[in-house]
Undergrad: 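Here it is, the structure in full.
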Amino acid sequence: MLHIVCISDSHKQFSIAVDEYIKRLNKSVIISTIKPSRKDDPTSVIREETAMLLEKMSKLPKPRILLEKDGDQLTSEQLAELIQKTDYT
(Lines give C-alpha, C1' and ligand atoms only; values in the text may rest on other atoms or scores of the structure.)
Protein backbone atom coordinates (compact mmCIF):
# COMPACT_ATOMS: atom_id res chain seq x y z
CA MET A 1 0.00 0.00 0.00
CA LEU A 2 1.31 3.44 -0.94
CA HIS A 3 0.50 6.14 1.59
CA ILE A 4 0.97 9.79 0.54
CA VAL A 5 1.20 12.38 3.32
CA CYS A 6 1.06 16.07 2.42
CA ILE A 7 0.85 19.38 4.24
CA SER A 8 -2.14 21.29 2.94
CA ASP A 9 -4.76 23.61 4.39
CA SER A 10 -7.16 23.04 1.55
CA HIS A 11 -7.16 22.78 -2.17
CA LYS A 12 -10.48 24.46 -2.90
CA GLN A 13 -9.22 26.13 -6.05
CA PHE A 14 -7.97 22.73 -7.29
CA SER A 15 -10.66 20.52 -5.75
CA ILE A 16 -12.17 19.28 -9.02
CA ALA A 17 -8.78 18.35 -10.47
CA VAL A 18 -7.56 16.79 -7.21
CA ASP A 19 -10.76 14.78 -6.77
CA GLU A 20 -10.48 13.47 -10.34
CA TYR A 21 -6.83 12.51 -9.83
CA ILE A 22 -7.64 10.71 -6.55
CA LYS A 23 -10.42 8.78 -8.34
CA ARG A 24 -7.90 7.57 -10.91
CA LEU A 25 -5.46 6.31 -8.30
CA ASN A 26 -5.39 2.65 -7.47
CA LYS A 27 -7.26 1.62 -4.33
CA SER A 28 -3.87 0.74 -2.82
CA VAL A 29 -3.04 4.47 -2.51
CA ILE A 30 -4.07 6.43 0.59
CA ILE A 31 -3.70 10.21 0.84
CA SER A 32 -3.47 11.88 4.27
CA THR A 33 -3.34 15.61 4.85
CA ILE A 34 -1.61 17.39 7.70
CA LYS A 35 -2.77 20.93 8.48
CA PRO A 36 0.00 23.51 8.08
CA SER A 37 1.46 25.36 11.04
CA ARG A 38 -0.17 28.65 11.94
CA LYS A 39 3.03 30.12 13.36
CA ASP A 40 4.51 33.27 11.82
CA ASP A 41 8.21 32.53 12.26
CA PRO A 42 9.55 30.40 9.35
CA THR A 43 11.89 28.44 11.65
CA SER A 44 8.99 27.59 13.97
CA VAL A 45 6.84 26.57 11.00
CA ILE A 46 9.55 24.21 9.74
CA ARG A 47 10.04 22.67 13.21
CA GLU A 48 6.33 22.17 13.84
CA GLU A 49 5.56 20.75 10.39
CA THR A 50 8.62 18.49 10.51
CA ALA A 51 7.48 17.14 13.88
CA MET A 52 3.99 16.47 12.51
CA LEU A 53 5.40 14.69 9.44
CA LEU A 54 7.77 12.57 11.52
CA GLU A 55 4.96 11.58 13.88
CA LYS A 56 2.72 10.57 10.96
CA MET A 57 5.53 8.74 9.15
CA SER A 58 6.54 6.83 12.28
CA LYS A 59 3.16 5.09 12.15
CA LEU A 60 3.52 4.02 8.52
CA PRO A 61 5.09 0.74 7.42
CA LYS A 62 8.60 0.74 6.02
CA PRO A 63 10.10 1.40 3.53
CA ARG A 64 9.35 5.13 3.40
CA ILE A 65 10.11 7.71 0.73
CA LEU A 66 10.24 11.37 1.69
CA LEU A 67 9.92 13.97 -1.05
CA GLU A 68 11.95 17.00 -0.10
CA LYS A 69 12.96 20.14 -2.01
CA ASP A 70 16.69 19.54 -1.51
CA GLY A 71 16.48 15.79 -2.14
CA ASP A 72 17.41 13.79 -5.21
CA GLN A 73 15.62 14.84 -8.39
CA LEU A 74 13.67 11.95 -9.97
CA THR A 75 11.66 11.78 -13.16
CA SER A 76 8.16 10.31 -13.01
CA GLU A 77 9.56 7.13 -14.50
CA GLN A 78 12.33 6.91 -11.88
CA LEU A 79 9.84 7.45 -9.05
CA ALA A 80 7.57 4.75 -10.50
CA GLU A 81 10.54 2.37 -10.68
CA LEU A 82 11.48 3.16 -7.07
CA ILE A 83 7.92 2.49 -5.91
CA GLN A 84 7.87 -0.82 -7.79
CA LYS A 85 11.23 -1.85 -6.28
CA THR A 86 10.01 -1.14 -2.76
CA ASP A 87 6.84 -3.18 -3.36
CA TYR A 88 4.29 -0.71 -1.99
CA THR A 89 1.48 -2.22 -4.03
Side-chain angles (χ1 to χ4, degrees):
M1 170 123 356
L2 179 61
H3 196 124
I4 298 172
V5 181
C6 62
I7 298 174
S8 175
D9 201 4
S10 72
H11 49 74
K12 291 178 185 170
Q13 67 274 29
F14 304 113
S15 63
I16 293 172
V18 170
D19 291 343
E20 180 62 29
Y21 186 71
I22 290 171
K23 262 193 329 191
R24 294 178 185 197
L25 290 173
N26 187 318
K27 298 255 189 260
S28 63
V29 177
I30 297 172
I31 299 177
S32 297
T33 303
I34 296 174
K35 295 284 185 188
S37 172
R38 299 266 187 234
K39 300 194 185 250
D40 293 326
D41 173 45
T43 302
S44 298
V45 169
I46 290 169
R47 283 190 187 130
E48 185 175 350
E49 290 179 354
T50 299
M52 289 187 292
L53 278 170
L54 289 173
E55 180 183 348
K56 184 73 172 178
M57 288 181 65
S58 71
K59 298 174 184 174
L60 299 176
K62 293 180 183 177
R64 301 176 189 137
I65 300 171
L66 177 64
L67 304 180
E68 197 263 332
K69 70 179 180 96
D70 295 325
D72 293 337
Q73 187 91 18
L74 300 177
T75 65
S76 296
E77 292 82 5
Q78 290 169 322
L79 180 58
E81 184 179 329
L82 180 61
I83 290 169
Q84 287 175 344
K85 282 183 187 175
T86 54
D87 194 28
Y88 280 104
T89 57

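Remember, predicted model here, so these are calculated numbers, not experimental data.
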Undergrad: Given Lys56 and His3, is the side-chain contact (heavy atoms from CB on, under 4.5 Å) satisfied, shown in steps?
TA: CA-CA 11 Å; Lys56 184 73 172 178; His3 196 124; 4.2 Å; yes
Undergrad: So how far is it from Leu2 CG to Ile31 CD1, rounded to the nearest 0.5 Å?
TA: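 Reported value, rounded in 0.5 Å steps: 9.0 Å.
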Undergrad: How long is the gap from OG on Ser58 to CG on Leu53, to the nearest 0.5 Å?
TA: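 These two atoms lie 11.0 Å from each other.
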Undergrad: With a 3.5 Å distance limit and no angle check, can you tell me whether Thr50 reaches the backbone of Arg47 through a side-chain donor-acceptor pair?
TA: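 Answer holds: no.
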Undergrad: Using every non-hydrogen atom in the two residues, find where Arg64 and Met57 come nearest and quote the distance to one decimal.
TA: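 Closest approach of Arg64 to Met57: NE-O, 3.0 Å.
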Undergrad: With Glu49, which residues qualify under side chain to side chain donor-acceptor pair (under 3.5 Å), at least two apart?
TA: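 Glu49 satisfies side chain to side chain donor-acceptor pair (under 3.5 Å) with no other residue.
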Undergrad: Nearest 0.5 Å please: distance from the CE atom of Met52 over to the CD1 atom of Ile7.
TA: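 Between atom CE of Met52 and atom CD1 of Ile7 there are 6.0 Å.
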Undergrad: Give a yes or no on whether Asp40 atom CG has more than 12 heavy-atom contacts from other residues, nucleotides or ligands under 6.0 Å away.
TA: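 Result for CG/Asp40: open.
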Undergrad: Is it possible for you to say whether Ile46 and Val5 belong to one hydrophobic cluster, with membership spreading through side-chain heavy-atom contacts below 4.5 Å?
TA: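 Cluster IDs for Ile46 and Val5 differ.
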Undergrad: Nearest heavy-atom pair of Ser8 and Thr33: which atoms, and what distance?
TA: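 Heavy-atom minimum between the residues: O-CG2, 3.1 Å.
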